[in-house]
Amino acid sequence: MRILVVEDEPRIAADLRDGLEQAGYAVDLAGDGETACYQAEIENYDALVLDLGLPRLDGLSVLRRLRQQGNAVPVLILTARDGWRERVEGIDAGADDYLPKPFRMEELLARLRAILRRVSGQATPILGACGVELDTRTRAVTVDGRAIALTLLEYRLLSYLLHHRGRVVPPGELLDHLYDSGTDRETNAIEALLTRLRRKLGVKLIETRRGHGYVIAA
Ligand code: CA
């Protein structure tokens, strides 16, 4: 899963990036509203964390512009503690949830998990199939109850396919959602990751549909 963080305060942006990366997400940063619109247009994100007070173009305008363009990417807005009016405006402009500043990283991560699982039609933070379980709160993965150690990229791949269970995901889409924009992306890397995942989790979980992509059966 790949997140765009839109925040002009460098310290908060760095904390957000660290916290999200530790939780397993690929993260890109944008420091102003115009850059955020551009990034959201050219890249595919699983969600945006959007501060409302931004230089060049404020967060509400960013949100309205995205929705006008038909971009339905989930958005979590960061608002002022006592700013109930801007929260109402933000939600009505198409935000999926909000978090008042200052916030705890744990709460931001929980709200993000909830947004991402709502989008993919999941009801609980534990995703699973074929005896494999992935706990999105702790990044723990088990096979028939036995703990399995995954690398960060293996975890991202498994998490993405489980969030999109039942849908064949093309390799290009996986590249978009597993890597941040500072990382070189090669389709070969996906094949290698899948081989390693199958070795760890069993060959049945992830099916290859030749010429189309990969799927975890619903
Ligand atoms: Ca700000």
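Note that ligands are numbered from 1 as they come in the structure, with each ligand's atoms numbered from 1 the same way.
- The set of protein atoms (N, O or S) found at less than 3.0 Å from the Ca ion (ligand 1) reads Asp8 OD1, Asp51 OD2, Gly53 O, by chain and number.
- Taking a cutoff of 4.0 Å between a charged side-chain nitrogen and a carboxylate oxygen, Arg2 and Asp46 do not qualify as a salt bridge.
- Cation-pi contact between Arg185 and Tyr179: absent, since separation from the ring centre below 6.0 Å together with deviation from the ring axis within 45° is not met.
- The only option from Arg198, Arg196, Arg199 that meets the salt bridge (Lys or Arg N to Asp or Glu O under 4.0 Å) definition with Glu154 turns out to be Arg196.
- For Lys101, the salt bridge (charged side-chain N to carboxylate O under 4.0 Å, His left out) test picks out Glu7, Asp51, with sequence neighbours left out.
- Annotation for Arg81: atom CZ counts as buried by contact number, over 12 foreign heavy atoms lying within 6.0 Å.
- Looking at Arg11 and Glu9, no side-chain N of the basic residue comes within less than 4.0 Å of a carboxylate O on the acidic one, giving no salt bridge.
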